[in-house]
Protein chains: 2
Amino acid sequence: MDTGSSLQNRVPRKRRKMQRVTMIDVAKLAQVSPSTVSLYLRKPSAVSPAAGQEIARAISTLGYVPNLVAGGLAAASSKVVSVIVPSIRNAFFAETVSTLQSELALEGLQVILGHSEYGEDQEEALVRTALAWAPAAVVLTGLSHSPETRKLLQASGVPVVEMWEIGGKPVDMAVGFSHPQVGASAARHLLSKGRRSIAFLGARMQEDHRAAKRASGFAEEAKLAAERTTCEIINHPGAATVEAGSLLLGRALQQVPSLDGIACSNDLIALGALFECQRQGIAVPDRIAVVGFGDLDFSTSCIPSLTTIRPSGDLIGKEVARLILAGIHGEHPAGASRIIDTGHVLIERRST
Amino acid sequence: MDTGSSLQNRVPRKRRKMQRVTMIDVAKLAQVSPSTVSLYLRKPSAVSPAAGQEIARAISTLGYVPNLVAGGLAAASSKVVSVIVPSIRNAFFAETVSTLQSELALEGLQVILGHSEYGEDQEEALVRTALAWAPAAVVLTGLSHSPETRKLLQASGVPVVEMWEIGGKPVDMAVGFSHPQVGASAARHLLSKGRRSIAFLGARMQEDHRAAKRASGFAEEAKLAAERTTCEIINHPGAATVEAGSLLLGRALQQVPSLDGIACSNDLIALGALFECQRQGIAVPDRIAVVGFGDLDFSTSCIPSLTTIRPSGDLIGKEVARLILAGIHGEHPAGASRIIDTGHVLIERRST
DNA sequence: GATGTCCATCGTAGCGCTATGATGGGTATA
DNA sequence: TATACCCATCATAGCGCTACGATGGACATC
């Protein structure tokens, strides 16, 4: 091919070493053109059964693995979905990501993971790299993002799903539930149990806007209640851990000696509170009722078993996947169906 | 350019619609060649400060986002590290993946995540897609893989790190610790506390080979002990959850009424066992001593606080990242330094 | 002044694939 | 028999970037 058609004759360039099996090799062996192989790979039904068989045989004898990078470049959109969560260590998001990944894998989509550690600047940087992959979709957590992030996403034209929160204006699509409503449910439940001195125990609420919204929903609902109801919001600046829960309960008792009901922004915190009660000889639920959030693994087994609110992390993952796949298949949901409320359920157990 | 040099004249092809800002746009605006822009992006120091500034300005005015897919294709290796874990819901792996992701992000590497659900076939499929991304490295969990998986990996020439286990022959590199030794440490600790009727409680050990190895290390060590020592291994076929722990303790007591010490393959199981003891009025550690594995969040706070073995999931993540980055920078570790033992630490608390 | 070296910069051939439109033979329709 | 229409298949132009080697000016050395 080196025709020397330009101004000067040039030494044929050393081609990069390369021994990888390509689609062309498959095509040669199967005695068809590369386009047919490509077509077969993307839409087997469009190729005659005879040719298909021949191609399949060639693929397996050569051990051909398609190069998705090349495919992504040619198709101007890669088979990748970029998912950005605050933290993968958080069981909530781990569950969602896990489900999402499984669902997307069925359609040959890969998940690229990033975590923002609850930082908007970090998130912005992650979105930037995410877009550099020309992903099939971008999935973010929550509805709070920097203006620059929103601009980047909007300009990109890539489908965007914001998950784990609804109630604001999403960039594109949203799947989740209302956090204030979760807080309200918790408060209503405690009030219905006759508790009048209640508190919300949360962690990292300066950064975790969703937890903060649960707290304010809780406080709002308490305000609506009969008089003689006191309500406190207590925050731990560190991460939501069992240990934080123990600390928070201690602080709550100090601040509100008459405390008779708490809601926690996370089951881990609730578990810590239960432990602290046990340590201090406080009867649960007799003296203090405890409501958690998350319905984590241990909530049925702990002592007493934990009344909690289940946000259905896996359902969120499923719905996000559904939205993304619909978009890829050309069925772009419109209007209200671009926002999906997965709701929440209060599960009453022994702790209230 | 459409020279019509081939057999027939052809209508100039409709070019694909395209409005994305490319490197060429940046180059034009900065009045340099595209190569210089590319060079600047990859190695800013190789470009004169004047040109560099010009390019930087152009990038920001155009809002240029490099296309990593194109870069990956041209460079024959994408800035992606494919990580395959059994389950991201498992706190151990969540921790490692989280750390790994953070470390790699510092060097502009992305993590593509897959989970195998402890299935070798699933893992093989994941490895296949992973390789389709021409990743900078592949990270797997454990040393047990299907022969086909090993063959695929070896043939690919991509750096491979197997994590969370050492003690066998890795495909390429390994970072982790010896699971039999963990089991042995647990047994030794229980024996040192005078326990003679001990059991190992594990979950899903038919699939989770590492848990099974901890169990057999435990049993081996028990065998070496003074006579009159009995040792049982009890398996729960489902996932390692708190609930499973409660069930397992019940079964253990049934099988070994004289039970006075247990080791669990996971802190969640240990926590479930603690709860069950509390429910049945069994004193821990007086009647039964409990050793966990994982040093999870709650282990310090639960009642009694849990003696456990810390495997340092974040250290594993860090070391995996180090190995990968060294490889990318051309420093290929050789020989023994391709296997890194992150060890384990037994942390004694109140439960023994 | 000639030659060599170094450095910043440049030109361009691919990387492996997909999308577009063309081709040509077979079948249905006029 | 002529025409239209399909369908399976094919040829090829990019997708946006990187890496290779070339270029030419600045400076040092002979």
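Heavy atoms only: backbone and side chains are in, while hydrogens, waters and symmetry mates are out. Just so we're on the same page: letters track the sequence lines, and every chain starts at 1. This is a predicted model, so every value here is computed, not measured.
When the P atom of dA8(C) is taken as reference, atom NZ of Lys43(B) falls 9 Å away, rounded to whole Å. Here dG14(D) presents its C1' atom at 14 Å from CG of Asn67(B), a figure rounded to the nearest Å. dA13(C) atom P lies 17 Å from atom CG of Leu73(B), rounded to whole Å. In this structure, Met23(A) atom CE and dA11(D) atom P are separated by 15 Å, rounded to whole Å. As a whole-Å value, the separation of Gln31(B) CD from dC10(C) P is 10 Å. If you measure from atom CD1 of Ile24(A) to atom P of dC17(C), you get 8 Å, rounded to the nearest angstrom. What separates CD1 of Ile55(A) from P of dC17(C) is a distance of 13 Å, to the nearest Å. In this structure, Leu62(B) atom CG and dG16(D) atom P are separated by 15 Å, rounded to whole Å.
Contact annotation for Pro34(A): no contact, since no heavy-atom pair falls under 4.0 Å across all strands. Contact annotation for Tyr64(B): backbone-only contact, meaning every heavy-atom pair under 4.0 Å involves sugar-phosphate atoms and none involves a base.
Checked against Leu323(B) for a side chain to side chain contact (heavy atoms under 4.5 Å, CB included), the options Ile339(B), Val139(B), Ile328(B), Ile340(B) give a single hit: Ile340(B). A side chain to side chain donor-acceptor pair (under 3.5 Å) with His145(A) is found for exactly one of Lys151(A), Arg150(A), Glu124(A), Glu123(A), namely Glu123(A).
Between Arg42(A) and dA19(C) there is a side-chain polar atom (N or O) within less than 4.0 angstrom of OP1 or OP2. Between dT9(C) and Ser35(B), no contact under 4.0 Å exists linking OP1 or OP2 to a side-chain N or O.
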Start with the C-alpha distance between Arg128(A) and Glu148(A), add both sets of side-chain angles, then the distance that settles salt bridge (charged side-chain N to carboxylate O under 4.0 Å, His left out), and finish with yes or no. CA-CA 10 Å; Arg128(A) 215 177 280 278; Glu148(A) 179 67 15; 3.8 Å; yes
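A 4.5 Å side-chain heavy-atom check between Glu162(A) and Val171(A) finds at least one atom pair inside the cut-off.
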Can you give me the N/O atom pairs linking the protein to nucleotides 7-9 of chain D at distances under 3.5 Å, or say none if there are none?
from   : atom 1 : to       : atom 2 : distance (Å)
dT9(D) : OP1    : Ser48(A) : OG     : 2.7
dT9(D) : OP2    : Ser48(A) : N      : 2.9

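For the 3.5 Å distance criterion, the side chains of Arg42(B) and Ser38(B) qualify, holding a donor opposite an acceptor.
Listed by chain and residue number, nothing satisfies the side chain to side chain donor-acceptor pair (under 3.5 Å) test with Ser77(A) (two or more places apart in sequence, or in another chain). Looking at residues two or more places apart in sequence or on another chain, you find a side chain to side chain donor-acceptor pair (under 3.5 Å) between Arg322(B) and Glu319(B).
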